[in-house]
2 protein chains.
Amino acid sequence: MDYVYMESYLKAISDHNRMLILKYLSKDSLCICEFTELLDMTQPAVSQHMRKLKTAELVTEEKRGRWTIWSLNVRHTLYPMLIHLLSLLPEPEITVESLEAEGKRVVCE
Amino acid sequence: MDYVYMESYLKAISDHNRMLILKYLSKDSLCICEFTELLDMTQPAVSQHMRKLKTAELVTEEKRGRWTIWSLNVRHTLYPMLIHLLSLLPEPEITVESLEAEGKRVVCE
DNA sequence: TGAATAAATAAGCAATCACTTATATAATGG
DNA sequence: CCATTATATAAGTGATTGCTTATTTATTCA
């Protein structure tokens with residue numbers, strides 16, 4: 001692991017909104033439109049965050065119909081450290097469960 | 001640990017020069033003028049990096065005569081994780097030993 | 001088909017970044 | 001006291017950041 005790679009990895013995590021995204025992903029795989037609800041953020045903003053996380057190999061994506069389902073990249077060398085970091089952060093106020101209660105959870109197929 | 005604090009902590013680490021500084025500090029306490037040699041960087045540049053690290057509580061400083069001796073903040077909650085991260089990074093090419101060999105190591109008193 | 005939905009991309013913008021050079025502050029020692 | 005040394009601070013600069021709005025691409029389904 002060289003300094004340049006570590007720098008880009010850490011820069012990708014070093015944003016409170018992306019940490020929130022990763023915190024959510026540590027529990028469920030989610031799509032962009034769900035994040036716009038969870039983070040109260042515009043669709044392009046979320047999309048750009050996901051691209052940064054993907055470039056840094058923190059997440060993986062899977063096309064499913066209209067949706068792109070995003071997941072944590074559990075194969076990454078630093079995945080255990082990431083999980084540890086995320087465990088230190090509080091649960092977000094808006095939960096995926098509350099999304100479900102509002103009928104806004106995406107169910108593919 | 002809230003998201004804002006974690007963000008500022010990670011942002012402070014997310015720079016290859018500051019990671020190098022922390023890597024050096026994981027072995028020795030050092031002063032600004034030694035870092036200018038080790039990193040081949042101007043004195044104000046090093047000074048500004050140290051201020052960022054200090055603001056994020058990653059390092060501590062101790063005035064000793066003309067010099068300010070900088071050390072890792074071993075009391076920080078995230079210190080063990082920091083040490084782990086640093087252990088994944090390669091040893092810098094310019095070592096403190098090579099500084100000593102050139103007679104550029106600062107010896108207070 | 002064609003309207004609706006999900007996501008990506010592009011361009012623009014204010015704020016922040018890591019540096020630079022110049023200068024100020026502070027301590028040492030002749 | 002004064003020159004030297006170590007560090008901090010200030011102001012300026014080009015690059016990058018995280019957003020915005022507008023538009024494009026792609027998929028579903030009536």
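Throughout, a chain's letter reflects where its sequence line sits, starting with A, and its residues are numbered from 1.
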Polar atoms only, N or O, under 3.5 Å: list the protein pairs with nucleotides 20-22 of chain C and their distances.
| residue | atom | partner | partner atom | Å |
| --- | --- | --- | --- | --- |
| C:dT20 | OP2 | B:Thr42 | OG1 | 2.8 |
| C:dT20 | O4 | B:Gln48 | NE2 | 3.1 |

Listing, residues 76-88 of chain A side-chain donor-acceptor contacts under 3.5 Å, not counting sequence neighbours, or none:
| residue | atom | partner | partner atom | Å |
| --- | --- | --- | --- | --- |
| A:His76 | ND1 | A:Leu78 | N | 2.9 |
| A:His76 | NE2 | A:Tyr5 | OH | 2.7 |
| A:Ser87 | OG | A:His84 | O | 2.5 |

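- Within 6.0 Å of CD in B:Glu102 there are more than 12 heavy atoms belonging to other residues, nucleotides or ligands.
- Protein atom CH2 of A:Trp67 is 11 Å distant from nucleotide atom P of C:dT5, rounded to whole Å.
- Rounded to whole Å, the distance from CD on A:Glu7 to C1' on C:dA18 is 10 Å.
- Taken together through direct or relayed side-chain contacts under 4.5 Å among Ile, Leu, Val, Met, Phe, Trp and Tyr, A:Phe35 and A:Val106 form parts of separate hydrophobic clusters.
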*Should A:Val46 and A:Thr36 be marked as a side-chain contact (heavy atoms from CB on, under 4.5 Å) after you check the CA-CA gap, both sets of side-chain angles, and the distance that decides it?*
CA-CA 7 Å; A:Val46 174; A:Thr36 64; 3.9 Å; yes
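- Atom pair A:Glu62:CD and C:dA6:P shows a separation of 18 Å (rounding to whole Å applied).
- Cluster annotation: A:Trp67 is not connected to A:Leu72 through the hydrophobic network of ILVMFWY side chains, with a link wherever side-chain heavy atoms come within less than 4.5 Å.
- Protein atom CG of B:Leu53 is 13 Å distant from nucleotide atom P of C:dC17, rounded to whole Å.
- Salt bridge annotation for A:Arg64-A:Glu62: present, with a cationic side-chain nitrogen under 4.0 angstrom from a carboxylate oxygen.
- One atom, CZ of A:Phe35, and another, P of C:dA6, lie 15 Å apart when rounded to the nearest Å.
- First and last contacts of DNA chain D with chain A, using any nucleotide atom under 4.0 Å from a protein heavy atom and ordered 5' to 3', fall at D:dT17 to D:dT28.
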Side-chain polar contacts of residues 37-45 of chain A - donor-acceptor pairs under 3.5 angstrom, sequence neighbours left out - could you list them?
| residue | atom | partner | partner atom | Å |
| --- | --- | --- | --- | --- |
| A:Glu37 | OE1 | A:Lys104 | NZ | 3.3 |
| A:Thr42 | OG1 | A:Ala45 | N | 3.4 |

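- B:Lys27 has a carboxylate O that lies under 4.0 Å from a charged side-chain N of B:Glu91, or vice versa, which qualifies the two as a salt bridge.
- Counting non-hydrogen atoms of other residues, nucleotides and ligands closer than 6.0 Å to NZ of B:Lys54 gives a total of 12 or fewer.
- Per the geometry, NZ belonging to A:Lys54 stands 13 Å off C1' belonging to C:dA7, to the nearest Å.
- Looking only at side-chain heavy atoms (C-beta outward), A:Ile32 and A:Trp70 come within less than 4.5 Å of each other.
- One finds the CZ atom of B:Arg18 at 9.0 Å from the CG atom of B:Leu22 (value rounded to the nearest 0.5 Å).
- Along DNA chain D, the nucleotide closest to B:Lys11 and the one closest to B:Trp70 are compared, and the more 5′ of them pairs with B:Trp70.
- For the pair A:Asp2/B:His16, no side-chain contact is recorded, criterion being any heavy-atom separation below 4.5 Å from C-beta on.
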What's touching nucleotides 25-30 of chain C from the protein side, N or O pairs under 3.5 Å?
none

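- Within residues 14-31 of chain B, the residues that place at least one heavy atom under 4.0 Å from DNA chain D are, in residue-number order, B:Cys31.
- Within the 4.0 angstrom heavy-atom criterion, base atoms lie near A:Ser47.
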*Hey, mind stepping through B:Glu61 and B:Met50 against side-chain contact (heavy atoms from CB on, under 4.5 Å) and telling me if it holds?*
CA-CA 9 Å; B:Glu61 57 181 331; B:Met50 299 317 291; over 6 Å; no
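- A 4.5 Å side-chain heavy-atom check between A:Ser14 and B:Tyr9 finds every atom pair outside the cut-off.
- Among the atoms of the strands shown, only primed sugar atoms or phosphate atoms (P, OP1, OP2) are found under 4.0 Å from some heavy atom of B:Glu61.
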